[in-house]
Amino acid sequence: MKHKIKWGIMATGGIAHSFTQDLLLSNDAIVTAVGSRSIENAKKFADKYKIPKYYGTYEELAADPDIDIIYVASPHAFHYHNTMLCLENNKHVLCEKAFAINAVEAEKMIALARKKNLFLMEAMWTRYMPVVKKALKMIRDGLIGDVRLINADFCRQPEYDPANRFFNPDLGGGALLDLGIYPIAMTFLLAGKPDYITSAAKIGATRVDEQCGMIFTYKSGLLAHLFASLITLTDSDVVIVGSKGKIRLHGPVCIPQGMTVSLHGKADKYEKAEIKGNGYTYEALEVMDCLNKDKTESAIMPLDESLEIMKTMDQLRKQWGLVYPNDKQQGLA
């Protein structure tokens, strides 16, 4: 029998607000508590969304016995420590992407979750959206023939500030972990792990990648051209080209606004995307469905795939000589 899932929210930044707003749209969710590094921020967040409990430390949130699952919404550099804290307190976890800073962190997170038989998932919200699922089914049904090319990019142009998480290596800054993970994860969804990787990046003054370009090559002959940037703006579309036509997911890649199907010899067909709330509703429903079915991971975003994506990003950073403080903490540099 399906029961309501009691959520804890860890961190109170912008994405925590967006996700909580979408949780409140679901009859299956109860937002039980929020935790921040300051009691003032936690109380302000709790008051805004009428959350009954709030904590000024993450440790108190993780220890709350009334919580089923914790949504980890802190910056990338803290995902490992925050997730491990939750798992050690026997809480299921939905962790924002990038899942961790490196594959060693991800492996430890996954190992602890499996040891304790707890649910763990990377919050790759894009995969659960109806328009993406529909496009994937069309491709797998052979509508556009054999897939031969994937073009995907994700770009933003935030105001430059060395202290901002986008540009701060201590917070896991850079285009790859914040933006590039979306084209990469989309390519994994469509084609799996690449056989060969070629890449280049512009490393900025704060020693993070301000933009990066990647070519994934597959033994089948498929090529994926991927790009991410904090200093250049693009349409941030995904275009999947096959032998019979192509599908364009209109950007931004993280939350496609629509889809155009172009088949050889036929008129283009455009479909506007269905988006409920801020777009996080769909992944939240998947998580709660998994918990109600006693599943410890989602088949749509399995842990082994999150780990392979993390290993791929490690490989990319190695090509660029990009090292984070977290790498040094794990003895990787």
- When clusters are formed by joining ILVMFWY residues with side-chain heavy atoms under 4.5 Å apart, either directly or through shared neighbours, do Val104 and Phe78 land in the same one?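 They do not share one cluster, since no chain of ILVMFWY contacts under 4.5 Å joins Val104 to Phe78.
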Under 3.5 Å side-chain donor-acceptor pair for [X] and [Y]:
{"X": "Thr234", "Y": "Asp153", "answer": "yes"}
{"X": "Thr32", "Y": "Asp66", "answer": "no"}
{"X": "Tyr280", "Y": "Gln21", "answer": "no"}

Which atom of [X] lies closest to which atom of [Y], heavy atoms considered:
{"X": "Leu249", "Y": "Ala135", "value": "CD2-CB, 4.2 Å"}
{"X": "Ser298", "Y": "Glu286", "value": "OG-OE2, 2.8 Å"}
{"X": "Asp22", "Y": "Lys276", "value": "OD2-O, 4.1 Å"}
{"X": "Asp237", "Y": "Gly251", "value": "OD1-N, 2.6 Å"}

Are any non-hydrogen side-chain atoms of [X] and [Y] less than 4.5 angstrom apart?
{"X": "Val34", "Y": "Ser36", "result": "no"}
{"X": "Val93", "Y": "Leu118", "result": "no"}
{"X": "Lys134", "Y": "Glu271", "result": "yes"}

Please determine if [X] and [Y] form a salt bridge, counting it only when a charged side-chain N lies under 4.0 Å from a carboxylate O.
{"X": "Arg248", "Y": "Asp268", "result": "no"}
{"X": "Asp314", "Y": "Lys318", "result": "no"}
{"X": "Glu210", "Y": "Lys202", "result": "yes"}
{"X": "Lys244", "Y": "Asp141", "result": "no"}
{"X": "Glu305", "Y": "Arg127", "result": "yes"}

- Task: For this output row, return yes or no: ring centroids of Tyr160 and Phe167 closer than 6.0 angstrom.
- Result: yes
- Query: Do His250 and Tyr270 make the cut of ring centroids closer than 6.0 angstrom?
  - Reply: yes
- Query: Quick one: CZ on Phe154 to CG on Asp235, what's the gap to the nearest 0.5 Å?
  - Reply: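 Between Phe154 CZ and Asp235 CG, I get 12.5 Å after rounding to 0.5 Å.
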- Query: For Asp64, which of Lys6, Lys53, Lys91 qualifies under salt bridge (Lys or Arg N to Asp or Glu O under 4.0 Å)?
  - Reply: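 Among Lys6, Lys53, Lys91, the one meeting salt bridge (Lys or Arg N to Asp or Glu O under 4.0 Å) with Asp64 is Lys53.
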- Item | Remaining members of hydrophobic cluster (4.5 Å side-chain criterion), Phe227 |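 Grouped by the 4.5 Å side-chain rule, Phe227 forms a cluster of one, so the answer is none.
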